[in-house]
Amino acid sequence: MRLILLGPPGSGKGTQAALMKEQLEVPTISTGAMFRAAIQNGSAMGRQARGYIEKGELVPDDITMGIVRERILKSDCDHGYILDGFPRTVRQAEMLQEFLAERDEALDAVLKFDVSDDSLIQRLKERSRDDDTDQTIETRLRVYRKQTEPLVDFYSRIGLLKEVRGMGSVQEISRCIRETLGF
Ligand code: AMP
């Protein structure tokens with residue numbers, strides 16, 4: 001199954017991606033985690049991405065699509081994958097569609113997590129990541145609304161969007177996802 005998890009920072013995508021990976025036996029591809037690993041390793045790509053991440057802004061589309069393409073081409077993705085945090089712009093979504101079409105592949109669904117602003121801010125303040133300061137939290141939510149939310153329309157128009165309630169316990173949300181996707 002090829003899936004996209006779509007939702008603002010703090011909407012629980014990462015937590016659910018980890019559960020779904022076990023249930024569906026496909027890898028999770030988290031661009032945020034890949035960028036953080038690249039920064040840790042001190043790679044050239046990490047150095048390019050770092051400034052954007054620290055400010056809560058998006059890494060340029062070409063760099064981001066580059067790491068996703070490279071990851072999807074690995075053989076463990078042959079039977080599907082869960083994209084967590086990608087795409088985040090309409091341009092990235094278009095590039096992904098082009099990449100899939102070249103390979104005669106298609107997405108199965110885009111799961112959109114619905115979470116209120118209050119619970120998002122609460123959750124982001126509870127976790128302790130370097131890029132979770134008050135200032136970057138605000139920037140990342142603003143960036144989401146402006147650059148990523150248009151993807152709801154993009155995927156809805158091609159019939160792939162499925163919405164799930166992203167509030168409640170981890171187990172409740174997980175059940176809702178399984179019902180929605182039918183697994
Ligand atoms: P995340 O762990 O998904 O919250 O991502 C952390 C940071 O990595 C984001 O705030 C962005 O700076 C960067 N990032 C992650 N995914 C993307 C993407 N698809 N496009 C651009 N930047 C990204």
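Atom set for the values below is all heavy atoms of this structure, side chains included, hydrogens, waters and symmetry mates excluded. Start at 1 with the first residue, then count along the sequence.
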What is the distance from atom [atom1] of [X] to atom [atom2] of [Y], rounded to the nearest 0.5 Å?
X      : Y      : atom1 : atom2 : answer
Arg69  : Met95  : CZ    : CE    : 7.5 Å
Lys162 : Ser156 : NZ    : OG    : 12.0 Å
Leu151 : Leu160 : CG    : CG    : 12.0 Å
Glu163 : Asp114 : CD    : CG    : 4.5 Å
Arg165 : Cys176 : CZ    : SG    : 9.0 Å
Leu161 : Asp153 : CG    : CG    : 9.0 Å

What I'd like to find out is whether the side chain of [X] reaches to under 4.5 Å of the side chain of [Y], using heavy atoms alone.
X      : Y      : answer
Gln92  : Leu96  : no
Arg71  : Tyr81  : no
Leu73  : Phe99  : yes
Asp84  : Gln16  : no
Phe86  : Met65  : yes
Asp132 : Arg140 : yes
Ile72  : Ile29  : yes
Ile173 : Thr15  : no

If I compare all heavy atoms of [X] with all of [Y], which pair ends up nearest, and what's the gap?
X      : Y      : value
Ile63  : Met45  : CG2-CG, 4.0 Å
Phe35  : Ala49  : CD2-CB, 3.8 Å
Leu5   : Ala17  : CD1-CB, 3.7 Å
Leu181 : Ala109 : CD2-CB, 3.8 Å
Ile4   : Pro87  : CD1-CD, 3.5 Å
Ala93  : Phe154 : CB-CE2, 3.7 Å

Look at the side-chain heavy atoms of Ile, Leu, Val, Met, Phe, Trp and Tyr, link any pair under 4.5 Å apart, and say whether [X] and [Y] land in one connected group.
X      : Y      : answer
Val90  : Tyr155 : yes
Ile67  : Leu58  : no
Val170 : Met20  : no
Ile39  : Val59  : yes
Val115 : Leu19  : no

Do the side chain of [X] and the main chain of [Y] share a donor and acceptor less than 3.5 angstrom apart?
X     : Y      : result
Thr31 : Gly85  : yes
Arg2  : Ala106 : yes
Arg88 : Tyr144 : no

(Q) I'd like to know whether CZ of Arg175 has more than 12 heavy-atom contacts from other residues, nucleotides or ligands below 6.0 angstrom. (A)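 No - once you tally the heavy atoms of other residues, nucleotides and ligands closer than 6.0 Å, there are 12 at most.
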
Q. Is atom CD of Glu126 surrounded by more than 12 heavy atoms (other residues, nucleotides or ligands) closer than 6.0 Å?
A.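 Yes, enclosed.
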
Q | Derivation of the side-chain contact (heavy atoms from CB on, under 4.5 Å) call for Gln97 and Leu107 | A | CA-CA 9 Å; Gln97 290 300 97; Leu107 295 166; 3.5 Å; yes

(Q) salt bridge (Lys or Arg N to Asp or Glu O under 4.0 Å), that's the test. Do Glu94 and Arg91 meet it? Break it down for me. (A) CA-CA 5 Å; Glu94 288 168 352; Arg91 183 65 200 125; 3.1 Å; yes

Q: Take Asp117 and Arg145, measure what side-chain contact (heavy atoms from CB on, under 4.5 Å) needs, and give me the verdict at the end.
A: CA-CA 11 Å; Asp117 276 5; Arg145 300 279 176 241; 2.4 Å; yes

**Q.** side-chain contact (heavy atoms from CB on, under 4.5 Å) between Leu111 and Leu3, intermediate numbers included
**A.** CA-CA 7 Å; Leu111 266 191; Leu3 295 172; 5.6 Å; no

Q.
Tell me which one of Thr136, Asp131, Ile137 satisfies side-chain contact (heavy atoms from CB on, under 4.5 Å) with Thr133.
A.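 Result: among Thr136, Asp131, Ile137, Thr136 is the only option passing the side-chain contact (heavy atoms from CB on, under 4.5 Å) with Thr133.
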
